[in-house]
Amino acid sequence: MNILSTEFYNRDTLLVARQLLGMRLVRSYCGVRLSATITETEAYIGETDLACHARSGRTARTQVMYGVPGRAYVYFNYGLHWMLNTVTQAEGFPAAVLIRAAQVQEGQEVVALRRAKVKCSDWTNGPAKLTQAFAIDGSQNNADLTNARDGLWIEEVSVISDVNVTIAARVGLNNVPEPWKSMPWRFFCNQET
DNA sequence: AGCACGATTAACT
DNA sequence: GTTAATCGTGCTC
């Protein structure tokens, strides 16, 4: 196993979002190893990106995005849902990659209990579904993803070739003005299984 | 202090 | 396709 390092995250956010496809998100939960292959990501880049939380500048909520790359930015949305991001680019520049979907590999028994009411194909095919399945919430905000100490990290597994990747506009940005609403900053693997 | 709304989900019709 | 659930955040008064 090869845990992605600070150098991986300290690069252009679009490159990180693209290359996170195929990587394995790992969670150490109650002594059990949960893992899932990342299949969908979105990039949020800087204060000028009006879809990015950093559009409001540095606040208590957004400070993690301004911090060192390779940390988790976990935020609460719609009064119910937690979203997992990885902080990218140099310290001081606010950017992150939202992990939108993944395919469970290890720990299926645990995930099956946590996602008991839905069929397995719906376990982790959305950003808040993923955090529910992996028991990720605000206590993981600013967790260090570059080692196993905080129980959450990403391992390099395989590289997904371009023919298997679709690039499209980000989703859920109803009130965001153009051109930000339509920027092709979403990356996902073509074949769902 | 009050308000509108959100990087969604699941359960409806 | 439509909508309730549910509350932190940032903005206005």
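Below, each value reflects all heavy atoms present in this structure, side chains not excepted, and no hydrogens, waters or symmetry copies.
- Atom-to-atom, CZ of A:Arg186 to P of B:dT8 comes out at 10 Å; the value is rounded to the nearest Å.
- Using a 4.0 Å heavy-atom criterion, one finds that A:Arg170 contacts no nucleic acid atom at all.
- Put simply, CG on A:Leu98 is 13 Å from C1' on B:dG6, counting in whole angstrom units.
- Taking atom CG of residue A:Asn174 and atom C1' of nucleotide B:dT8, one finds them 11 Å apart after rounding to whole Å.
- The listed nucleotides are C:dC11, B:dA7, B:dA10; the one nearest the side chain of A:Ser56 is C:dC11.
- Remark: A:Arg18 engages A:Asp162 in a salt bridge, criterion side-chain N to carboxylate O under 4.0 Å.
- Residue A:Tyr44 is in base contact, counting any heavy-atom pair closer than 4.0 Å across all strands shown.
- Rounding to whole angstrom units, CE of residue A:Met83 and C1' of C:dC7 are separated by 13 Å.
- One can place NE2 of A:His81 at 11 Å from C1' of C:dA4, the figure rounded to the nearest angstrom.
- Side chains of A:Gln89 and A:Thr13: a donor-acceptor N/O pair is present below 3.5 angstrom, by distance only.
- Remark: the separation of the P atoms in C:dT6 and B:dG2 is 22 Å, to the nearest Å.
- Candidate nucleotides B:dT9, B:dA7, C:dC11 were compared by shortest atom distance to the side chain of A:Pro127, and B:dT9 ranks first.
- Taking side-chain N and O atoms only, A:Arg55 has no distance below 4.0 Å to OP1 or OP2 of C:dG10.
- Out of B:dT9, C:dT9, B:dG6, the shortest distance to the side chain of A:Asn77 is found at B:dG6.
- Proximity of A:Val97 to A:Val16: side-chain heavy atoms (C-beta onward) are separated by under 4.5 Å at one or more points.
- The nearest whole Å value for the distance from the CH2 atom in A:Trp185 to the P atom in B:dA7 is 15 Å.
- In this structure, the nucleotide among C:dC11, C:dT6, B:dG6 sitting nearest to the side chain of A:Asn175 is B:dG6.
- Residue-to-nucleotide contacts include no donor-acceptor pair under 3.5 Å from the side chain of A:Tyr78 to the base of C:dA5.
- Between the CD1 atom of A:Ile45 and the C1' atom of B:dA7 there is a distance of 13 Å, given to the nearest Å.
- Of the C1' atoms belonging to B:dA7 and C:dG1, the separation is 22 Å, rounded to the nearest Å.
- In this model, the phosphate group of C:dT9 is not approached by any side-chain N or O of A:His53 to a distance below 4.0 Å at OP1 or OP2.
- Listed candidates were B:dT9, B:dA7, B:dA10. Nearest to the side chain of A:Arg115 is B:dA10.
- Atom CG of A:Asn125 is separated from atom P of B:dT9 by 8 Å (rounded to the nearest Å).
- Base pairing analysis places C:dT6 opposite nothing; no Watson-Crick or G-U wobble pair with both distances below 3.5 Å involves it.
- You'll find the side chain of A:Trp153 reaches within 4.5 Å of the side chain of A:Ser28, heavy atoms only.
- Counting non-hydrogen atoms of neighbouring residues, nucleotides and ligands closer than 6.0 angstrom, the CD atom of A:Glu156 reaches no more than 12 such neighbours.
- In this structure, A:Leu173 reaches the sugar-phosphate backbone alone: every heavy-atom distance under 4.0 Å involves primed, P, OP1 or OP2 atoms, never a base.
- Listed nucleotides B:dT8, B:dA10, B:dA7 differ in distance to A:Val118; the shortest reach to its side chain belongs to B:dA10.
- Salt-bridge annotation for A:Arg170 and A:Asp49: present, with a side-chain N of the basic residue lying under 4.0 Å from a carboxylate O of the acidic one.
- Nucleotide B:dA1 has C:dT12 as its partner under the Watson-Crick or G-U criteria, with both atom distances under 3.5 Å.
- Of the two residues near DNA chain B, A:Ala51 and A:Lys129, the one whose nearest nucleotide lies more 5' is A:Ala51.
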